[in-house]
Amino acid sequence: MDTSGKVILEVRKLSVAFEQYGRGLKRKVIHAVEDLSLTVSEREIVAVVGSSGSGKSLLAHAIMGILPYNAAMNGELLFEGRMLDGELLRQVRGKELVLVPQSVSYLDPLMKAGRQVTKGRKDEESRKRCRDILSRYGLDKEAEGKYPFQLSGGMTRRILISTAVIEQPRLVIADEPTPGLHPEAARRVMEHFKEIAKGGAGVLLITHDLELALLTADRVVVLYGGRAIEEAQAAAFSDESQLKHPYTKALCRSMPQNWDPSGDRLCVSGEILAYMRKEYGR
Amino acid sequence: MKERNKTASFAIWAGGQAARMVLLLLLVSMVSFVLLSVSPLDPLQTNVGQAALGSMSPEQIERLRTYWGVDVPPVRRYTLWLIDLLKGDMGVSLLYRRPVTEVIAGKLSNSLGLLLTAWFFSGLAGFFLGILAGKRRGGLADRLITGYSLIAASTPAFWAAMMLLMVFSVYLKWFPIGLSVPIGASVGEVTLFDRIHHAVLPAVALSLTGISSIALHTREKMIEIMESDYVLFSRARGEGEMEIVLRHGLRNILLPAMTLQFSSASEIIGGSVLVEQVFSYPGLGQAAVTAGLGGDAPLLLGITMITALIVFAGNLTANVLYGWIDPRIREGALRR
């Protein structure tokens with residue numbers, strides 16, 4: 001795939017910290033994302049892979065400028081070469097820079113799906129565009145008039161993607177687009193993101209599912225504890241020796257197709273072992 | 001076939017509601033009657049007066065005792081009243097010496113304007129104050145509105161009424177001290193302005209305290225909405241704060257607010273009993289007090305039943321509205 005296109009998003013040394021009150025009046029700073037750098041070019045899908053709590057969603061929220069009020073952000077964000085400050089964010093957010101959120105809870109429960117895709121617009125042109133996009137994703141007119149609680153998991157996903165596509169974006173940030181879908185439906189959703197990238201936009205895919213990420217992405221950034229510990233071409237994951245970090249190697253080995261029945265190979269370093277013990281209880 | 005099922009299930013639902021209503025009215029009238037019959041006040045002494053009683057002949061006193069039904073056992077009195085009620089006769093008020101229906105109709109028409117205005121304005125004001133407060137939690141508006149609501153919620157309506165009376169009627173003389181029409185004016189002379197002028201303070205007193213519950217509930221719901229995922233997503237889609245409030249805030253807040261408002265009818269009616277007393281406003285609330293203290297059983301039972309009916313209707317409206325407006329309930333019911 002063509003990855004030499006123009007850089008759309010550049011994240012430079014991004015840090016997100018939370019200030020929390022611990023016991024008593026003791027204040028505690030939690031560094032949720034630290035020193036994270038990455039780029040996304042046009043026609044490219046970059047996957048950010050990490051376990052829960054690794055700061056993936058915060059990365060998405062930081063780029064969209066929707067971090068909670070008690071979060072402090074540091075570092076630089078560049079969108080198409082321009083500093084992504086409040087001013088530029090107001091211009092591009094929801095138009096050239098769009099988010100595909102995680103779940104049905106991101107839809108207004110009392111608003112029909114079609115109206116949410118058009119962002120409340122009711123004019124003929126928006127509605128036609130909405131119908132075109134929905135039918136492209138195999139959703140009929142009936143789905144348009146449904147309320148979020150009536151949508152199935154797969155329909156919800158396609159509606160959420162439609163909210164992004166209707167805007168003709170340059171960059172799509174997909175925050176965990178597949179949980180709750182069976183593998184077949186998840187793969188179909190991933191195809192939609194591939195189409196978006198083919199159309200010229202950049203896609204930042206945030207997921208915990210390495211297998212799915214490798215299926216879709218050109219490059220993979222592995223996140224651990226808020227830090228990017230490795231960035232590699234997706235192809236590198238088929239050959240472990242091309243990976244540098246022990247955690248990534250372990251991740252790679254943990255995929256079903258690379259699984260060694262003896263299980264010994266997982267214990268390369270004590271650090272990973274300790275981590276795996278902590279995380280999975282064995 | 002489907003249409004018939006729907007009609008049938010509606011009939012069952014309506015029948016159930018009617019049965020609930022009848023049961024409620026029966027219980028309310030029983031409790032009021034029991035309370036009245038165990039009241040230590042002797043109707044003769046209260047209504048005729050000790051001095052007058054002393055100067056009457058035993059025959060006259062006997063006639064009065066019969067009139068007030070003092071010697072008839074309570075159970076029998078209640079049963080007689082119930083039988084008459086089933087025949088459509090609510091009896092004659094012992095104090096007003098007119099049919100109960102007539103007395104209630106007169107008093108209710110005085111009160112209804114008051115009740116409706118207070119109900120409407122407290123709902124409207126509470127709704128908007130709640131949105132304003134909830135939109136920016138912890139902001140200046142929020143602190144002022146929450147502070148006011150908490151104070152108002154802990155203020156008895158009659159105390160607020162007395163304060164209003166002192167400030168606006170006694171010191172400033174902007175409004176009359178009491179009653180619903182000017183003193184000494186004949187019915188023909190009373191203008192609509194007079195009536196409104198007399199109703200302003202009681203209506204304000206009722207509204208002031210009624211605002212707080214709806215404002216606090218709306219605020220709570222608004223905070224929840226502003227922190228929801230779908231508002232976060234709206235921000236990420238570049239919708240402005242005002243758009244978010246109008247498009248998502250109002251939509252999601254209207255239902256719970258309306259339900260609350262319809263089921264709050266009881267609070268307004270309860271408050272009106274005290275407020276009408278303070279303003280000597282000749283409405284249903286004051287009539288209830290008079291009937292209760294004077295041992296006027298037919299009138300008191302009539303009033304409690306009418307108010308219970310209004311409160312019941314309010315709650316029923318809330319339920320029906322919810323099912324009708326909320327698509328999650330409406331469409332869910334259709335699918336079944």
Side-chain angles (χ1 to χ4, degrees), chain A residues 57 60-70 86 88-113 115-122 142 145-151 156 159-160 162-164 166-167 169 171-176, chain B residues 127 131 134-143 218 220-260 321-336:
Chain A
S57 280
H61 289 196
I63 299 169
M64 298 304 296
I66 51 172
L67 285 173
Y69 68 99
N70 61 337
L88 183 62
L89 198 56
R90 256 195 301 282
Q91 280 174 34
V92 299
R93 185 161 65 181
K95 297 181 190 83
E96 285 147 68
L97 172 62
V98 297
L99 176 73
V100 177
Q102 285 187 27
S103 66
V104 71
S105 71
Y106 286 80
L107 291 175
D108 188 328
L110 295 181
M111 206 168 166
K112 287 180 179 170
R115 286 283 304 279
Q116 306 211 42
V117 172
T118 62
K119 244 195 254 179
R121 286 185 297 251
K122 279 191 272 190
E142 203 186 325
K146 280 190 167 157
Y147 289 94
F149 78 98
Q150 296 168 306
L151 299 169
T156 303
I159 292 282
L160 289 172
S162 305
T163 65
I166 197 169
E167 306 290 346
L171 180 73
V172 177
I173 300 177
D175 187 7
E176 291 282 10
Chain B
F127 183 64
I131 290 180
K135 206 203 149 295
R136 273 190 66 90
R137 175 197 211 163
L140 184 65
D142 181 25
R143 275 179 292 169
T218 308
E220 207 58 41
K221 186 76 192 160
M222 190 68 189
I223 288 174
E224 193 189 308
I225 291 172
M226 292 312 277
E227 286 172 356
S228 72
D229 286 342
Y230 56 91
V231 164
L232 188 72
F233 184 46
S234 304
R235 291 213 177 94
R237 295 186 78 192
E239 291 177 37
E241 290 298 302
M242 202 60 203
E243 266 179 294
I244 288 175
V245 170
L246 293 180
R247 191 175 297 155
H248 306 293
L250 283 185
R251 184 187 300 269
N252 283 281
I253 224 166
L254 205 55
L255 265 174
M258 256 167 36
T259 319
L260 185 70
L321 271 183
Y322 221 118
W324 181 48
I325 297 181
D326 191 329
R328 283 166 295 192
I329 299 177
R330 185 185 60 218
E331 313 260 323
L334 279 185
R335 248 188 319 186
R336 251 184 278 124

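Below, chains carry the letters A, B, ... as their sequence lines are ordered, and counting in each starts from 1. Just so it is clear, the values below take in all heavy atoms, side chains as well, and ignore hydrogens, waters and symmetry mates.
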Pairs of heavy atoms under 4.5 Å with chain B: top-ranked of [options]:
options: Pro109(A), Ser103(A), Pro68(A), Pro148(A); value: Pro109(A)
options: Pro101(A), Gly65(A), Ala164(A); value: Pro101(A)
options: Asp108(A), Ile173(A), Ile66(A), Leu107(A); value: Asp108(A)
options: Lys119(A), Met64(A), Lys95(A); value: Lys119(A)

What part of Arg90(A) gets closer than 4.5 Å to chain B, counting heavy atoms only: side chain, backbone, both or neither?
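Interface part for Arg90(A): neither.
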Proximal component of Glu167(A), with respect to chain B [non-hydrogen, under 4.5 Å]:
side chain
Less than 4.5 Å to any heavy atom of chain A: does that hold for the side chain of Glu239(B), its backbone, both, or neither?
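Only the side chain of Glu239(B) comes within 4.5 Å of chain A.
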Smallest separation among heavy atoms of Phe233(B) and Thr163(A), with atom names:
CZ-OG1, 3.5 Å
What's the spacing between [X] [atom1] and [Y] [atom2] if we round to 0.5 Å?
X: Arg237(B); Y: Tyr106(A); atom1: CZ; atom2: OH; value: 14.0 Å
X: Ser234(B); Y: Met111(A); atom1: OG; atom2: CE; value: 8.0 Å
X: His248(B); Y: Gln116(A); atom1: NE2; atom2: CD; value: 6.5 Å

Do Leu232(B) and His61(A) have side-chain heavy atoms sitting under 4.5 Å apart?
yes
Inspect the surroundings of CZ in Arg251(B) and state if more than 12 heavy atoms from other residues, nucleotides or ligands are less than 6.0 Å away.
yes
What do you reckon, is CZ of Arg137(B) surrounded by more than 12 foreign heavy atoms closer than 6.0 Å?
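It does not: Arg137(B) CZ has 12 such atoms or fewer within range.
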